[in-house]
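Here's the structure we're looking at; comments come further down.
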Amino acid sequence: MISFLARRLGQAVIVMLVVTALSFVMFRFLGDPLVAILGVDSTEAQRQALRADLGLDRPFALQFLSYLGNIVQGDFGISYRLGRSVEAVLIERLPATVELAVSGMLIAIVIGVPAGVYTALNRRRFVSRVLLSISLFGISLPSFFMGVLLIWVFTVKLGWLPSFGRGATVDLGWWSTGLLSISGLKALIMPALTLAVFQIAMIMRLVRAEMLEVVRTDFIRFARARGLPARAVHYRHALRNTLIPVITIIGLQLGSIIAFAVITEAVFQWPGLGLLFLQSVAAADVTMMSAYLILIAALFVTINLCVDTLYLIIDPRLRGRSKNARS
Amino acid sequence: MAGEQQALEAMRPTSGLLARLRRSDLLYDFTRDPTAMAAAVILLVFAIAGLAPQLVAPYQAFDLTQIRLQDAFLPPVWLDGGDPRFLLGTDDQGRDMISAIIFGARVSLFVGLAGVLLALLIGVSLGLIAGFVGGWVDTITMRIADIQLTFPAILIAVIVDGISRAAFGQADRDRAAVFVLILAIGLSGWVQYARPVRGATMVERNREYVAAATLMGIRTWRILIKHILPNVLTSVLVIGTIHLAVAVILEATLSFVGLGVPPTEPSLGTLIRIGNGFLFSGEWWIAVLPGCALVILVLSINLLGDFLRDALNPRLK
């Protein structure tokens, strides 16, 4: 088990190195950092001085090492666009995105898993067919257009919910939360729903497919033959065995939900990381882009690692297998 | 009778795409699936409108000489103040919405198709090579695929766009916008082709017919294209159809957030972006109608993709 985790950790480190190298190359070769910092009408002498100051005259590998060193210490440089240190801006924007992504995911799980179980167990029922059609619609509905429709109905027509921003936030140390005020919660509803729609459809279809596979197996037939109540068979035997792929996907989706948040945040002007990233891309703010890239990569790698570890805890068979693989 | 039938069957041309299609189950399944047929009809309409918008669209939506500002903000005919000349109303510049949607769908479909083709080309060739050659080529390709798979397509597309923005200037980028989009879709989608093709190639590589071809001295690239590729093409077709839906959404999303095609040559996403600015002043149709067209388009592609997946998968029979 430890060797399995160590191997995964090694892979994670390699991925991080590759992504960091990529964003370094981007940072170093896209646009001229000297011009970006000093402005177009700076003199050659000024540029030379800054070049030496920033260490840009050193060999390439050395530059990468010091870039790496800075990042490990949490120093991502200065944003070209905002003129502030990148890590401070990122930390300031982080809570908004995390609250949005987590509430979107929760909505998706709470609706998607039961809907998937229901449609798998009652395949031929009319309600199941309707739910499946809706899920196909959910996959075909671009999330940004979902946001536009929500704003049209609930802000323009009904005037119930705000169309942009986070509402009032409460500061808890460095974390500013919108979950503790009425206006914050109201502002959260539409963005979280927009984010959840695609995930609901996906989780539902996945749970359904997995349930259908498991229900067909012999041990379910055997459990039925033993006279266990249907509830116990469905939830204790069947659902539990579908959880592995479901947890994988949900875990991996948490990353993609943060990426999708880029779009949702743009639609609702939600002041999170995604909106920041889009604005940085539009302004070609390379330092901010590389920092966001590294941050997202770190997030994905961490999530993958957690999912792998969860596997080992949930499924005892895997522990045996990794031992066998070694011998 | 039966013998005669067989004789007739044997006389039919065995090769040729049409003949093969006529004998296949695919056409039979298709004629018995009203959903798939409806989806195909809708897609056909979109395709015709995309190929010849000048013939189908009532107005040349983006011809500046035809725009009349006094026609701006007309609602669809079924609302008060609608004008029968413009069935779905007009936008802020007096452009007919039907024509705008037709021209927009054309750009959306073109970018989506080209992006899918690029992804398919990269993915299938890398998959074939990695699966056939094996060794370090395989390892490196699949590692890259693994790393890329951890990033969602939308993020990769945004990054490609950001890099193009930093590399070119704003003016050059606008001109190259369509190609940047195609590149973004292609680069973010190749992995989903490369993995199954590699897997299938590794299986096919050990079959006798490949060994026979190798012994006959046929070159590797020829074996890959003429002998192995046809065997993996079915799954590629299914992935491609579903990917097209994703690609169209991706293009629309990028255009909506302002990273896609510029308003001078708008796609459906750009139209929704433009209309979004008029949502609050009550002109909802400028944003909502192109959005509905987009949803119908993507839904049809998805339905057809679902049908193909079920029809071409022998395990589900």
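In what follows, chains are A, B, ... by sequence order, proteins preceding strands, each numbered from 1.
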*Which region of B/A252, side chain (C-beta onward) or backbone (N, CA, C, O), has a non-hydrogen atom less than 4.5 Å from a non-hydrogen atom of chain A, or is it both or neither?*
both
*Given the options A/I303, A/V301, A/L278, which has more heavy-atom pairs under 4.5 Å with chain B than any of the others?*
A/L278
Indicate every side-chain donor-acceptor pair of residues 144-159 of chain A with a distance under 3.5 Å to a residue at least two apart or in another chain.
| residue | atom | partner | partner atom | Å |
| --- | --- | --- | --- | --- |
| A/T155 | OG1 | A/L161 | O | 2.9 |

*Contacting moiety of B/I296, where chain A heavy atoms sit under 4.5 Å*: neither
*Could you give the distance from OH (A/Y292) to CD1 (B/I159), rounded to the nearest 0.5 Å?*
8.5 Å
*asked:* I'd like to verify something: which residue of B/V248, B/I154, B/I272, B/T253 has the highest number of heavy-atom pairs under 4.5 Å with chain A?
replied: B/T253
*Proximal component of A/I139, with respect to chain B [non-hydrogen, under 4.5 Å]*: both
_Pairwise distance CG(B/L303) to CG(A/L136) - rounded to 0.5 angstrom_ = 5.0 Å
*A/S140 OG to B/I249 CD1 distance, which is reported to the nearest 0.5 Å*: 6.5 Å
*Quick one: what part of A/F137 sits under 4.5 Å from any heavy atom of chain B, side chain, backbone, both or neither?*
both
*With a 4.5 angstrom heavy-atom cut-off, which part of A/V18 approaches chain B: side chain, backbone, both or neither?*
side chain
*Does a side-chain heavy-atom distance below 4.5 Å link A/P142 with B/L250?*
no
_Which heavy atom of A/I263 sits nearest to which heavy atom of B/V257, and what is that distance?_
CD1-CG1, 4.0 Å
